[in-house]
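Heads up, the thing below is written out as structure tokens.
The chain is numbered in sequence order, starting from 1.
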Amino acid sequence: MNAPLDMRLAMPSLDLTIALGADGASRLARRRVAYPWSVGRGYPGKPGEPLTVIPQVAGAGLLAGDHVLQRIHVAQDAALRLQSAGAMLTYGTPGGPACRTDWALDVEAGARAFVISEPYVLFPDAGLRLRQTITISPGARVVACEGMVSAPGASTSEWQTETLVQRPDGTLLFRDRQRASAEMLATNAGLPGGWTAFGTVLVLTPDAQRMRAVIEATVRATTSPASVGVAPLPRGLGVCARIAAPDGQTLRDALFGMSSAALLCA
């Protein structure tokens, strides 16, 4: 994959800034929105609570060759819960170009960002390249999740992801790359359990050991048929949970359940 895209040079489809207002509550200080998103004003909480923003996805989703950019900035001591409404549908054509979607999340010192995304749904011949760049200041906390679901009959779809975690000065803290070819997805779908949906929950917090215990307790408490593995991140950054599920609803429930548990404790 190429070097991370400099999103300052591109026009995002979703460009939000969350900052503290005069009353100490988080507010939507900047909002620029274009296709495929629509965003309301957000739902403010009490001072110290996250502002809830719910981007809604247009029904058409992403077509082969589309490239969408999202930029989220959470200013010092502010808090955001960004929860998408509706899965992003991803379409392709035989031999056609992949769709690309880039997220840039910038979280300043003392800020909290909870980005809880519906899984992407890949239809036949769809290809998806998903890249997240998380710029996190010391003392900030981030919970972010991503998920991919192969639609029924989508044995020719494939996806790649890349996640970068860095400091504001560009110091790289963590890089994660995943790739699933059409052959790999077809093999997994044919295994006992029929794994067709895959996701990751990333929790960046100074309380890595405590948060790992929270995520593991959430996994033990669920009767979901999803398979989940939890591991610490390097440099004491936090924890990562990997999820494999037989269908998109099971994956969504696992992603949202673990993200919500992390949100309550972060």
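- At a cut-off of 3.5 Å, with distance as the only test, no side-chain donor of Thr135 or Asp106 sits close to an acceptor on the other residue.
- Side-chain polar atoms of Asp253 and Thr250 form no donor-acceptor pair below 3.5 angstrom.
- Taken together through direct or relayed side-chain contacts under 4.5 Å among Ile, Leu, Val, Met, Phe, Trp and Tyr, Leu105 and Trp103 form part of one hydrophobic cluster.
- Interatomic distance, CD1 of Ile243 versus OG1 of Thr200, reported as 7.5 Å (0.5 Å rounding).
- Side-chain atoms of Ser26 come within 3.5 Å of backbone atoms of Ala79 as a donor-acceptor pair (strictly under, hydrogens ignored).
- Summarising the geometry of Leu51 relative to Gly42, their closest heavy-atom pair is CD1-C, 4.1 Å, with the distance given to 0.1 Å.
- The distance from atom CZ of Arg177 to atom CZ of Arg131, rounded to the nearest 0.5 Å, is 8.5 Å.
- To the nearest 0.5 Å, atom OG1 of residue Thr161 and atom CZ of residue Arg179 are 11.5 Å apart.
- Ile72 and Ile54 are members of different hydrophobic clusters when ILVMFWY side chains are connected at heavy-atom separations under 4.5 Å.
- In this structure, Phe123 and Tyr91 have parallel ring planes: the angle between them is below the 30° cut-off, well short of the 60° mark.
- For the atom pair CZ (Arg235) and CG (Leu173), the distance works out to 5.5 Å, reported to the nearest 0.5 Å.
- Side chain of Glu158 to backbone of Ser181: no donor-acceptor contact under 3.5 angstrom is found.
- A cation-pi contact links Arg252 to Phe256, judged by a cut-off of 6.0 Å to the six-membered ring centre and 45° from its axis.
- If you check the side chains of Thr171 and Gln166, you find no donor sitting under 3.5 Å from an acceptor.
- With hydrogens and angles disregarded, a donor-acceptor distance shorter than 3.5 Å links the side chain of Arg167 to the backbone of Ile136.
- Residue Glu49 holds its CD atom at 11.5 Å from CZ of Arg81, rounded to the nearest 0.5 Å.
- The two residues Gly127 and Thr90 come nearest to each other via the heavy atoms O-CG2, 4.2 Å.
- Shown here for Thr196 and Pro246, the closest heavy-atom pair between the two residues is OG1-O, 2.8 Å.
- Using modelled atom types, one finds a donor on one side chain and an acceptor on the other under 3.5 Å when comparing His67 with Asp102.
- Exactly one of Leu202, Asp176, Ile215 qualifies for a side chain to side chain contact (heavy atoms under 4.5 Å, CB included) with Cys240. That residue is Leu202.
- Residues Met184 and Leu191 do not share a hydrophobic cluster, clusters being chains of Ile/Leu/Val/Met/Phe/Trp/Tyr side chains in contact below 4.5 Å.
- Here the straight-line distance linking atom CG of Leu128 with atom CD of Glu146 works out to 9.5 Å at 0.5 Å rounding.
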